[in-house]
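Heads up: the structure comes next, in structure tokens.
Positions are given from 1, in the same order as the sequence printed here. Just so it is clear, the structure is predicted and the values come from calculations on it, not from any experiment. In listed order, ligands and their atoms are each counted from 1.
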Amino acid sequence: MSKYQYTESQQSFIHHSLDKDQHVRVIAGPGSGKTTTLLARVRYLLTTGVPASRILILAFNRSIKNQFENKLSGLLFAEGIHSALPDIRTFHSWGQSLTYDLFNVCPDRSLILSHEPVSANSLSVLFKGIFSGGVFRNRGIRVVQKNKNLQINAQQVVDAIPDMERDISDLLRSWPRQHELIEHCVSVMTTYRNMIGVINDMREKKPAEVPHGEWDELVGFVARVDEYLVAQGVSLFEDQLYRAAMYLTRSERALEYLQNRYDYILVDEFQDVSEVSQFLVVNACRKHCQLNAVGDPRQSIFEFAGADPAYLIRGIDQALGHITTYYLSESFRFGQHIAGFANKIARNLLISSDTQESDELFDDPFLDDVPLADIHNAEIIGLKPRDAAWVERSDQQLMEITAGWLRTNKSVVYIVRTHDQKVDVEAFLVRAGLHFKHNAAINYKALSCVTESLMYILNCWVENRIRSERPSFWRYAEGPALNPAALADDTDDITVQFEGFVRSFLLTDKLKAVSPSQTMLNIYERIYEEFLRECITLLQQDAGESSKEQLVPVMADRFVRTIYSRYEDQLSEIQEAENYIHVEVAHRVKGLEFDKVVLFDFSEGVFPFARRHAERDQNGIPYQLNLPDYIEQEQRLAFVAATRAKEELVFYIPSDKAVSRFITQQSGYDTL
Ligand SMILES: Nc1ncnc2c1ncn2[C@@H]1O[C@H](COP(=O)(O)OP(=O)(O)OP(=O)(O)O)[C@@H](O)[C@H]1O
């Protein structure tokens with residue numbers, strides 16, 4: 001017995017024809033039960049006798065895939081359906097396994113050995129993978145090596161990291177000025193988890209912006225990394241899909257294999273398919289396989305990565321011919337008020353675009369206007385211009401509301417626009433004594449804070465002065481002021497000097513300010529202690545032979561190589577049992593829902609987003625903010641973020657910022 005009373009249109013999709021050429025599509029707004037209905041459709045297929053192995057379900061990332069897998073197993077278990085699970089995969093994992101299946105079917109090396117240049121995008125993915133350790137260490141990436149058709153396994157990729165690290169430290173060592181060496185060292189290390197940020201910065205920099213001939217150094221470094229990757233013949237993340245697609249375009253047998261592999265392919269969030277993903281899907285469904293595509297064009301937020309909602313709206317019709325479309329028009333997630341608010345955000349999309357395509361997109365019943373006067377659930381917390389007492393009171397208000405939610409066991413998310421903002425929000429929550437869920441990425445950020453502070457200390461030590469620009473997290477730290485007396489060299493023993501200096505920073509107080517839990521505080525303290533010990537050992541070994549300046553880069557290098565890597569594993573394993581707040585960037589909340597949603601910093605420049613250093617027009621406006629396509633993309637993101645809320649939606653706008661254009665166009669909301 002199902003837990004839901006499915007609506008008529010949901011039922012029509014669930015029980016849609018089993019004929020393989022009767023492709024089907026569902027277009028519906030957020031919370032209308034697309035994923036829920038897709039699960040029910042799979043259950044229906046299984047109960048009508050379709051073998052699980054003939055069904056493929058595709059998701060865009062691992063978390064959505066895992067969620068689907070868990071929900072499906074739960075559903076089947078609850079209803080006593082004894083069936084194996086269908087093939088549930090991310091697009092990339094499908095592309096990867098497909099390539100190997102195709103190679104077995106048609107072992108023609110020339111089809112997969114052709115060498116493709118390493119694109120900037122692939123490079124970014126590679127770096128992300130390597131430095132986050134996730135993709136490469138846990139999953140293993142099978143890559144095809146040029147000329148040998150060998151698989152390089154994950155371990156080999158990981159083993160290659162020291163070469164790159166050596167390159168980086170060589171670069172750092174050869175940096176002309178000590179001062180900049182340390183600063184650059186800090187920036188490299190703090191972005192160690194997101195190396196591509198550094199690489200891309202280098203790529204985008206123009207010679208004129210880089211002082212004193214360092215440009216050549218940067219260009220040389222990037223070129224060396226590129227060469228290194230090419231020499232490895234590394235097959236990168238996106239190539240998992242391209243390689244399979246290439247195979248299909250060149251081999252009839254491969255195509256035939258694919259077209260006979262599955263009877264049903266179901267894709268959630270179809271608005272986010274890219275050209276290559278859609279190519280694979282429609283080719284798989286062209287003959288004996290039914291496509292079930294589910295999505296919401298207004299929730300297309302990955303255009304920058306090649307996604308195009310047009311594939312959902314008409315691309316699949318063009319490729320496959322007749323397709324039945326169902327619209328789900330009721331939202332089960334939220335009431336009228338939130339729907340009305342979200343619709344207003346989306347409505348602007350319709351206004352700003354007069355193409356045929358957008359009429360098709362937005363003329364659906366879900367968008368029925370709701371009078372804004374009715375909106376109570378969506379609240380805007382507006383802060384007056386910066387005024388300490390006022391800010392304090394308003395922050396306090398938000399914290400009190402949040403604490404109340406947690407007391408009643410509500411699920412709570414703070415949605416931010418960028419990863420950097422996460423750190424700010426976390427510090428904000430820590431100050432308020434509230435717990436947030438920290439996953440590996442957040443831990444890396446926190447660890448970066450620790451790294452940054454250690455580099456800061458080393459820097460001060462070399463310069464014999466407290467520097468005015470402190471690490472960013474320092475501003476959240478309460479604790480006693482730094483002790484300038486400790487800077488005085490009252491002993492000749494460099495080791496004693498150093499230890500006294502580091503300890504004078506009273507680190508524990510500062511660490512407390514950035515530690516989301518006692519467990520993490522303990523780990524941070526251990527890192528500090530170990531760092532200190534390592535440095536002292538080094539100083540003792542080198543006593544008298546090296547100057548402070550020479551020792552600093554060596555210490556920094558050691559820190560990253562040994563301590564950093566040892567603790568990151570521990571940190572990523574920590575799980576908090578307490579009731580916590582989720583803090584997540586907008587791009588990662590798609591498909592999720594929470595009782596209470598805070599859109600943190602919903603201001604101009606954040607929604608829509610403008611990089612701090614973005615190029616500006618003659619009026620000082622970041623040029624992106626004048627591009628209608630970009631604005632639409634950002635609006636879709638705002639729409640996705642706002643529609644995660646089941647019960648309550650709060651917009652939080654810092655006092656010194658202007659309210660986002662996406663809500664200034666609205667009226668009738670409550671202000672706290
Ligand atoms: N027929 C129904 N009766 C009651 N609740 C339902 C029904 N269908 C779906 N729901 C509930 O509605 C909520 C939203 O469903 P779901 O996540 O499937 O929506 P969605 O359309 O996939 O949303 P999004 O586009 O935001 O990913 C879930 O909590 C789900 O349990």
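- Between Arg417 and Glu634 there is a salt bridge, since a side-chain N of the basic residue sits under 4.0 Å from a carboxylate O of the acidic one.
- Closest approach of Phe68 and Leu38 over heavy atoms only: CE1-CD2, 3.9 Å.
- Among Lys34, Lys646, Arg644, the residue whose heavy atom sits closest to atom 25 (O) of ligand 1 is Lys34.
- Within ligand 1, the atoms closer than 4.0 Å to a non-hydrogen atom of Gly29 are 21 (O), numbered from 1 in the order shown.
- Of the protein's non-hydrogen atoms, Gln10 NE2, 3.2 Å is the one closest to atom 8 (N) of ligand 1.
- Judged by the shortest distance from any of its heavy atoms, Ser331 lies outside the 4.0 Å radius around the atoms of ligand 1.
- Of all the atoms in ligand 1, the ones that sit under 4.0 Å from a non-hydrogen atom of Gln5 are 1 (N).
- Among all protein heavy atoms, the one lying closest to atom 16 (P) of ligand 1 is Thr36 OG1, 3.4 Å.
- Remark: minimum distance from atom 17 (O) of ligand 1 to any protein heavy atom is reached at Arg333 NH2, 3.2 Å.
- For ligand 1, the atoms sitting less than 4.0 Å from at least one non-hydrogen atom of Tyr6 are 1 (N), numbered in the order shown with element in parentheses.
- Contact between Ala28 and ligand 1 is absent, with no heavy atom of the residue lying under 4.0 Å from the ligand.
- When all heavy atoms are compared, the tightest approach of Leu406 to Lys410 is CD2-O, 4.3 Å.
- For a threshold of 3.5 Å applied to N or O pairs, the pair formed by Gly31 and ligand 1 contains at least one separation below that value.
- Residue contacts with ligand 1: Gly33 is placed with a nitrogen or oxygen under 3.5 Å of a nitrogen or oxygen of the ligand (distance criterion only).
- Of all protein heavy atoms, the one lying nearest to atom 4 (C) of ligand 1 is Tyr4 CD2, 3.3 Å.
- Taking a cutoff of 4.0 Å between a charged side-chain nitrogen and a carboxylate oxygen, Lys20 and Asp263 qualify as a salt bridge.
- The residues Arg54 and Asp87 are annotated as not salt-bridged, no charged nitrogen and carboxylate oxygen being separated by less than 4.0 angstrom.
- Ring geometry, His587 versus Phe302: the interplanar angle falls from 30° to 60°, so the pair is classed tilted.
- Classification of the Tyr44-His15 ring pair by plane angle, with boundaries at 30° and 60°, yields perpendicular.
- In this structure, Ile14 and Thr37 approach most closely via the heavy-atom pair CG1-CG2, 3.4 Å.
- Using a 4.0 Å cut-off between charged side-chain N and carboxylate O, Asp21 and Lys287 make no salt bridge.
- Scanning all protein heavy atoms for the shortest distance to atom 12 (O) of ligand 1 gives Phe332 CB, 3.1 Å.
- If you look at Glu593 next to ligand 1, the close heavy atoms, those under 4.0 Å, all belong to the side chain.
- From the protein, the heavy atom lying nearest to atom 27 (O) of ligand 1 is Gly591 CA, 3.4 Å.
- Shown here are the side chain to side chain donor-acceptor pair (under 3.5 Å) partners of Glu593, two or more places apart in sequence or in another chain: Arg333.
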